[in-house]
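Shown next, in structure tokens, is the structure this report addresses.
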Amino acid sequence: MRVEKFKMYFNLMERWLTLHEEGRRIPQILEERGLSNIALYGLGKIGKHVVCELEGSSVTIVYAVDRAMAGFYGTVPVKKIDEELPETDAVIVTAVYDYDEIEEMLGKKVHCPVISLEEILYEG
């Protein structure tokens, strides 16, 4: 299981880097989908890179949800899953390996699309 998880994350980062080399960025992809106010699920290494990529763009991270962190990450409010989660255009899940479980859990809490970062990058 651990090897599969690392392969999945390696492929995700490879795709992200390829898009970057082609001049495509996550903010642009989100804007094309009409997503300007989002939430992030997961502030691990990949989630923190997404925050960095969105800084200074027209896409606003309204808040993040993380199991291991609360308070703020930079200027982004960080919530726990049991807190009230404000509505956004979408929740982007950076913990792509556990996406199915997270999507089911978030689907009970929010009324917006729950989208895997993997989907964003591979459709970009």
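Just so you know, residue 1 is the first one in the sequence shown, and it goes up from there.
- Under the 30°/60° scheme for interplanar angles, the aromatic rings of Y97 and Y9 are found to be tilted.
- The shortest side-chain heavy-atom distance between R24 and I29 falls under the 4.5 Å cut-off.
- In this structure, T88 and V110 have side chains that are not in contact, with every pair of non-hydrogen atoms separated by 4.5 Å or more.
- Hydrophobic clustering (side-chain heavy atoms under 4.5 Å, transitive across Ile, Leu, Val, Met, Phe, Trp, Tyr) groups M13 together with I120.
- Residues L43 and F72 fall into different hydrophobic clusters, defined by Ile, Leu, Val, Met, Phe, Trp and Tyr side chains chained together at heavy-atom separations under 4.5 Å.
- Atom-to-atom distance recorded for L85:CG and K108:NZ is 14.0 Å, nearest 0.5 angstrom.
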Evaluation steps, side chain to side chain contact (heavy atoms under 4.5 Å, CB included), between K80 and V65: CA-CA 6 Å; K80 295 290 188 188; V65 179; over 6 Å; no

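- Under the 4.5 Å side-chain criterion, counting only non-hydrogen atoms from C-beta, N11 is not in contact with R15.
- Note on L35 and Y99: separate hydrophobic clusters, where clusters join Ile, Leu, Val, Met, Phe, Trp and Tyr whose side-chain heavy atoms are under 4.5 Å apart, directly or indirectly.
- Salt-bridge check for K7 with E14: failed, with every basic side-chain N at 4.0 Å or more from each acidic carboxylate O.
- Among L19, I92, L117, the single residue meeting the side chain to side chain contact (heavy atoms under 4.5 Å, CB included) criterion with I26 is L117.
- For the pair Y63 (side chain) and P86 (backbone), a donor-acceptor distance under 3.5 Å is present.
- The OG atom of S116 sits 7.5 Å away from atom CG of L12, with the distance rounded to the nearest 0.5 Å.
- The distance from atom CD1 of I46 to atom CD of E118, rounded to the nearest 0.5 Å, is 10.0 Å.
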Pair L106-I81, side chain to side chain contact (heavy atoms under 4.5 Å, CB included): steps then yes or no: CA-CA 8 Å; L106 286 173; I81 192 67; 3.4 Å; yes

Stepwise side chain to side chain contact (heavy atoms under 4.5 Å, CB included) test for L40 and V50: CA-CA 9 Å; L40 283 182; V50 173; 3.8 Å; yes

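- Between E83 and K79, the closest heavy-atom pair is OE2-CA, 3.5 Å.
- The residues E119 and R33 are annotated as salt-bridged, a charged nitrogen and a carboxylate oxygen being separated by less than 4.0 angstrom.
- By the 4.5 Å heavy-atom criterion applied to side chains, E55 and V51 are counted as neighbours.
- Hydrophobic cluster membership is shared by W16 and I115, with clusters built from Ile, Leu, Val, Met, Phe, Trp and Tyr side chains linked at under 4.5 angstrom.
- With values rounded to the nearest 0.5 angstrom, R25 atom CZ is found 3.5 Å from H20 atom NE2.
- For the atom pair R2 CZ and K5 NZ, the distance stands at 7.5 Å (nearest 0.5 Å).
- Side-chain contact of Y41 with R67: a donor-acceptor pair under 3.5 Å is present, judged by distance alone.
- Residue K109 places its NZ atom among more than 12 non-hydrogen atoms of other residues, nucleotides or ligands, all under 6.0 Å distant.
- For S36, the side chain to side chain donor-acceptor pair (under 3.5 Å) test picks out D89, with sequence neighbours left out.
- Take D66 and apply the side chain to side chain donor-acceptor pair (under 3.5 Å) test, not counting sequence neighbours, and it matches no residue.
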Step-by-step side chain to side chain contact (heavy atoms under 4.5 Å, CB included) determination, I38 to V91: CA-CA 6 Å; I38 65 158; V91 179; over 6 Å; no

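- Separating the CG atom in N37 from the CD1 atom in I61 is a distance of 11.0 Å, to the nearest 0.5 Å.
- A pairwise comparison of heavy atoms in A64 and V76 identifies N-CG1, 3.8 Å as the closest pair.
- Between the side chain of T94 and the backbone N or O of G42, at least one donor-acceptor pair lies under 3.5 Å.
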